[in-house]
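Below: one structure, written as structure tokens.
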Amino acid sequence: MPELPEVEVTRRTIAARLHGARVTSVRCGKPLRWPLGCAPAGLVGSRLGEVIRHGKYLWLPLRRDAAQPPAGVDGGLLMHLGMSGSLAFHDTASEPGPHAHFDLGTDRGLLRLTDPRRFGAVLWSPSLEEAPAAPLLARLGAEPFDPALTPQALHAACRRRKVAIKTLLLGGQVVVGAGNIYACEALFRAGIDPRTRCDRLSLPRCTRLLAALRETLGRALELGGSTLRDFSDAHGVAGEFQAEAGVYGREGQPCPRCGTAVRRIVQAQRSTFFCPVCQRRA
DNA sequence: AGTTAAACCTGGTTGC
DNA sequence: TGCAACCAGGTTTAAC
């Protein structure tokens with residue numbers, strides 16, 4: 001499923017082609033998380049700016065093109081891939097298919113959101129600083145590769161919370177980008193028990209965790225977004241990253257580091273995989 | 001306020 | 001074999 005690396009790879013894939021493109025048609029399929037929030041036809045004529053990413057959200061800026069009618073609108077589309085969504089250019093002539101729920105036709109090609117489970121979203125907003133986009137982004141924490149996110153900053157954020165560190169990573173209020181897979185893998189790499197309360201993590205352990213998170217996400221980015229390629233089967237983990245996963249989805253199998261059987265527990269209604277020997281609470 | 005649970009949805013897998 | 005039950009996932013929303 002699309003976690004930060006997959007969303008970033010998606011952004012890089014579509015950004016250059018979309019930049020400067022003119023919207024020629026908009027088609028909505030079945031409902032996604034929210035209604036689009038504007039009349040689809042009203043977007044026609046807008047020109048696309050540079051696609052940016054905030055956490056797992058993508059922002060496709062639109063601006064009016066007064067030169068030729070219809071001029072379109074000023075604003076943009078906030079998109080989320082949910083857990084089964086993908087964005088790709090399609091042949092204008094191709095059939096939408098049962099899971100194609102949003103088409104953005106442009107003079108550079110047809111960008112299509114395909115999302116079988118429809119947890120994804122496409123939401124029109126006048127800007128990133130206004131509703132409805134602003135309140136959605138307001139709750140997001142720091143970008144994992146933001147230099148401003150120091151071990152000290154992570155430690156300070158942890159000190160005020162009692163939730164398990166795995167739950168904190170998944171929540172995204174402090175650091176965005178890690179979904180269930182990368183949260184488990186980062187904690188494994190850092191040697192931290194996922195059940196450890198945030199306020200019990202020392203600064204050295206926060207330092208290790210931040211480094212491990214960056215290594216994990218960075219490695220996935222290198223692989224071109226491990227789960228992107230093949231997300232539609234094997235519950236989204238059939239991509240290249242699964243071969244590298246130390247613990248995720250490996251309940252009962254030997255820990256690659258020490259051989260102990262990997263354990264599976266449930267935290268915040270999500271599966272957590274970890275090595276009970278390599279990952280410690282202190 | 002901080003934390004937890006329910007809801008959204010559907011393809012795939014498991015159990016009867 | 002067929003069908004029901006359950007599972008996975010990210011995020012928001014509602015409720016403790």
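Below, chain A is the first sequence line, B the second, and so on; all start at residue 1. Just so you know, these numbers come straight off a predicted model, no measurement behind them.
A straight line from CG of A:Leu170 to P of B:dT4 spans 13 Å, rounded to a whole angstrom. Between A:Phe119 atom CZ and B:dA6 atom P the separation is 15 Å, expressed in whole Å. Computed from coordinates, the A:Arg53 CZ to C:dG10 P distance equals 15 Å when rounded to whole Å. Straight-line distance from the CG atom of A:Leu123 to the P atom of B:dC8: 19 Å, rounded to whole Å. At whole-Å resolution of the value, NZ in A:Lys30 and C1' in B:dC8 are 14 Å apart. Between the CG atom of A:Asp199 and the C1' atom of B:dG2 there is a distance of 12 Å, rounded to whole Å. In this structure, A:Gln267 places its CD atom 14 Å from P of C:dG10, rounding to the nearest Å. For the pair A:Leu136 CG and C:dT11 C1', the computed distance is 9 Å after rounding to whole Å.
In this structure, A:Arg219 forms no cation-pi arrangement with A:Tyr182, as its terminal cationic atom is not both closer than 6.0 Å to the ring centre and no more than 45° off the ring axis. A:Arg112 forms no cation-pi arrangement with A:Phe89, by the criterion of a distance under 6.0 Å to the ring centre and an angle within 45° of the ring axis.
Closest to the A:Trp34 side chain, of the nucleotides B:dA5, C:dG10, C:dT13, is C:dT13. Comparing atom distances between the A:Arg33 side chain and each of B:dG11, B:dA5, C:dG10 picks out C:dG10 as nearest. Residue A:Asn180 has its side chain nearest to C:dG10 when only C:dG10, C:dT12, B:dA6 are considered. Checking C:dG10, C:dA8, B:dT3 against every side-chain atom of A:Val163, the shortest atom distance belongs to B:dT3. Picking from C:dT12, C:dT11, B:dA5 the nucleotide with the shortest atom distance to the side chain of A:Arg270 gives C:dT11. The nucleotide whose nearest atom lies closest to any side-chain atom of A:His99 is, among C:dT13, B:dG11, B:dA5, B:dG11. Among the nucleotides C:dT11, C:dT12, B:dC9, the one closest to any side-chain atom of A:Arg117 is B:dC9. Comparing B:dA6, C:dT11, C:dA8 against the side chain of A:Arg264 picks out C:dA8 as the nearest.
Residue A:Tyr182 places none of its side-chain N or O atoms closer than 4.0 Å to OP1 or OP2 of C:dG10. Of the side-chain N and O atoms in A:Lys56, one or more sit less than 4.0 angstrom from OP1 or OP2 of C:dT11. For A:Gln269 and B:dT4, the shortest distance from a side-chain N or O to OP1 or OP2 is not below 4.0 Å. An OP1 or OP2 oxygen of C:dT11 is reached within less than 4.0 angstrom by a side-chain nitrogen or oxygen of A:His80.
As judged by a 4.0 angstrom heavy-atom cut-off over every strand, A:Arg139 is placed among the base-contacting residues. Residue-level contact check: A:Ser271 touches the backbone only, with heavy atoms under 4.0 Å from sugar-phosphate atoms and none from bases.
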Should A:Arg53 and A:Leu4 be marked as a side-chain contact (heavy atoms from CB on, under 4.5 Å) after you check the CA-CA gap, both sets of side-chain angles, and the distance that decides it?
CA-CA 9 Å; A:Arg53 178 186 59 75; A:Leu4 183 142; 3.1 Å; yes
message = Test side chain to side chain donor-acceptor pair (under 3.5 Å) on A:Arg264 and A:Ser271; report intermediate values, then the result.
response = CA-CA 7 Å; A:Arg264 174 185 171 274; A:Ser271 285; 2.9 Å; yes
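If you check the side chains of A:Thr24 and A:Asp107, you find no donor sitting under 3.5 Å from an acceptor. Under the 3.5 Å distance criterion, with hydrogens and angles disregarded, no donor-acceptor pair is assigned to the side chains of A:Gln267 and A:Thr167.
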